[in-house]
Amino acid sequence: CRLVEMPLTASAAPAPELSQDELKRIAAYRAVDLVESGMVIGLGTGSTAVHALDRLGDLIRRGILRDIVGIPTSKKTEVHARAVGIPLSDLDSHPVVDLSIDGADEVDRHLNLVKGRGGSLLREKMIEGASKRFVVIVDETKMVNLLGGSGLAVPVEVIPFCWGFTMGKLRRLFDGVPGFDLRLRTTSGDEMTPSVTDNLNYVIDLFFEKGITGNLDEISDAILKIVGVVEHGMFLGMTTSVIVARKDGSVTVIN
Ligand code: ABF
């Protein structure tokens with residue numbers, strides 16, 4: 001990986017700490033600098049990606065970017081992109097995407113990701129996998145040593161039919177892994193109602209107390225072999241670069 005340090009200010013005085021949302025905005029704007037007129041852009045989902053949508057819409061409205069086509073990774077992003085004036089299409093009409101810009105839940109030092117805590121992992125993986133360049137935008141809290149290591153979930157999208165059976169298969173796959181746990185994702189404030197993705201599937205969240213150790217490609221293959229699993233939230237070997245906004249407002253680009 002190659003690190004490029006890019007301080008935003010020339011001042012010698014230490015900059016005041018910025019809010020996490022401000023850091024997300026800084027990373028997002030830096031990614032939108034990579035967009036050129038005529039490009040097909042994969043539009044990410046989440047609170048970081050939303051800043052990229054706003055910036056892109058603004059540049060389109062001002063005529064600075066022309067002939068942009070956006071491919072949204074979720075229904076939520078589709079609604080927001082439409083509202084800010086980004087022309088939209090889909091992978092059927094535009095099977096090759098020039099550049100995708102999206103957030104992530106975790107990024108390891110090999111630029112592997114965990115995504116999908118917002119539930120949009122399947123469309124994200126389809127669109128970002130079809131992209132010539134995939135640029136990830138994060139604030140520094142998302143950087144981890146091991147995927148799953150922040151104690152939050154590694155999501156797996158499953159079909160609703162007999163989801164308990166699929167969950168049993170996932171449980172057996174990680175049998176004996178210390179601190180492993182899993183549960184069906186439910187809608188917030190209602191533990192009885194499963195959370196439903198844009199594709200009308202359910203999500204089973206996997207928890208690894210100390211992060212995922214072992215060969216990630218093999219673990220990925222083993223999860224995907226379970227009939228009933230649609231996709232998981234580990235994005236391995238897909239990232240072109242990660243734009244990390246740091247607390248002091250500086251930006252690191254990792255390629
Ligand atoms: C989406 O947004 C997801 O894949 C990931 O779960 C999330 C990151 O969210 P945020 O930018 O709000 O932290 O891209």
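Nothing fancy with the numbering, it's 1 onward along the sequence. Start at 1 and go down the list; that is how both ligands and their atoms are numbered.
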Step by step, would you call Asp58 with Arg61 a salt bridge (charged side-chain N to carboxylate O under 4.0 Å, His left out)?
-> CA-CA 5 Å; Asp58 182 47; Arg61 274 197 309 279; 3.7 Å; yes

Considering only non-hydrogen protein atoms, determine which one is nearest to atom 10 (P) of ligand 1 and report residue, atom name and distance to 0.1 Å.
-> Ser47 OG, 3.3 Å

For ligand 1, does Ala104 get within less than 4.0 Å through its side chain, its backbone, both, or neither, judged by non-hydrogen atoms?
-> backbone

Identify the protein heavy atom lying closest to atom 1 (C) of ligand 1, giving its residue, its atom name and the separation to 0.1 Å.
-> Thr45 O, 2.8 Å

Please report which non-hydrogen protein atom sits nearest to atom 7 (C) of ligand 1, along with the residue it belongs to and the distance in Å to one decimal place.
-> Asp105 OD1, 3.6 Å

Heavy-atom nearest neighbour in the protein, as seen from atom 11 (O) of ligand 1, with distance rounded to 0.1 Å | Thr48 OG1, 2.6 Å

Inspect the surroundings of CE in Met238 and state if more than 12 heavy atoms from other residues, nucleotides or ligands are less than 6.0 Å away.
-> yes

Given salt bridge (charged side-chain N to carboxylate O under 4.0 Å, His left out), test Glu22 with Arg25 step by step and report yes or no.
-> CA-CA 5 Å; Glu22 186 61 16; Arg25 190 187 63 77; 2.5 Å; yes

For ligand 1, which atoms, with element, lie under 4.0 Å from some heavy atom of Gly46?
-> 2 (O), 12 (O)

Can Gly118 be said to touch ligand 1, with heavy atoms closer than 4.0 Å?
-> yes

Given Asp139 and Thr141, is the side-chain hydrogen bond (donor to acceptor under 3.5 Å, both in side chains) satisfied, shown in steps?
-> CA-CA 6 Å; Asp139 65 88; Thr141 62; 2.4 Å; yes

Measuring from Arg82:CZ to Leu88:CG, what's the distance to the nearest 0.5 Å?
-> 5.0 Å

Where ligand 1 meets Gly116 - atom numbers and elements under 4.0 angstrom, heavy-atom basis | 3 (C), 4 (O), 5 (C), 6 (O)

Any atoms of ligand 1 less than 4.0 Å from a non-hydrogen atom of Lys24? List them with their elements.
-> 13 (O)

Any idea which protein heavy atom is nearest atom 13 (O) of ligand 1, and the distance to it?
-> Lys142 NZ, 2.7 Å

Mind running side-chain contact (heavy atoms from CB on, under 4.5 Å) on Val138 and Thr48 for me, showing each step along the way?
-> CA-CA 7 Å; Val138 290; Thr48 314; over 6 Å; no

Considering only protein heavy atoms, which is closest to atom 4 (O) of ligand 1, and at what distance to one decimal place?
-> Glu124 OE1, 2.7 Å

Could you tell me whether Asp102 approaches ligand 1 through its side chain, its backbone, both or neither, with non-hydrogen atoms closer than 4.0 Å?
-> side chain

Exercise: identify the closest heavy-atom pair between Glu209 and Pro178 | CB-O, 4.5 Å

Looking at ligand 1, does any of its N/O atoms fall within less than 3.5 Å of an N/O of Ala49?
-> no

Take Lys132 and Val96 through the side-chain contact (heavy atoms from CB on, under 4.5 Å) test and state the conclusion after the steps.
-> CA-CA 7 Å; Lys132 293 185 207 162; Val96 179; 3.6 Å; yes

Please check if the side chain of Thr166 supplies one atom and the backbone of Val229 the other of a donor-acceptor pair under 3.5 Å.
-> no

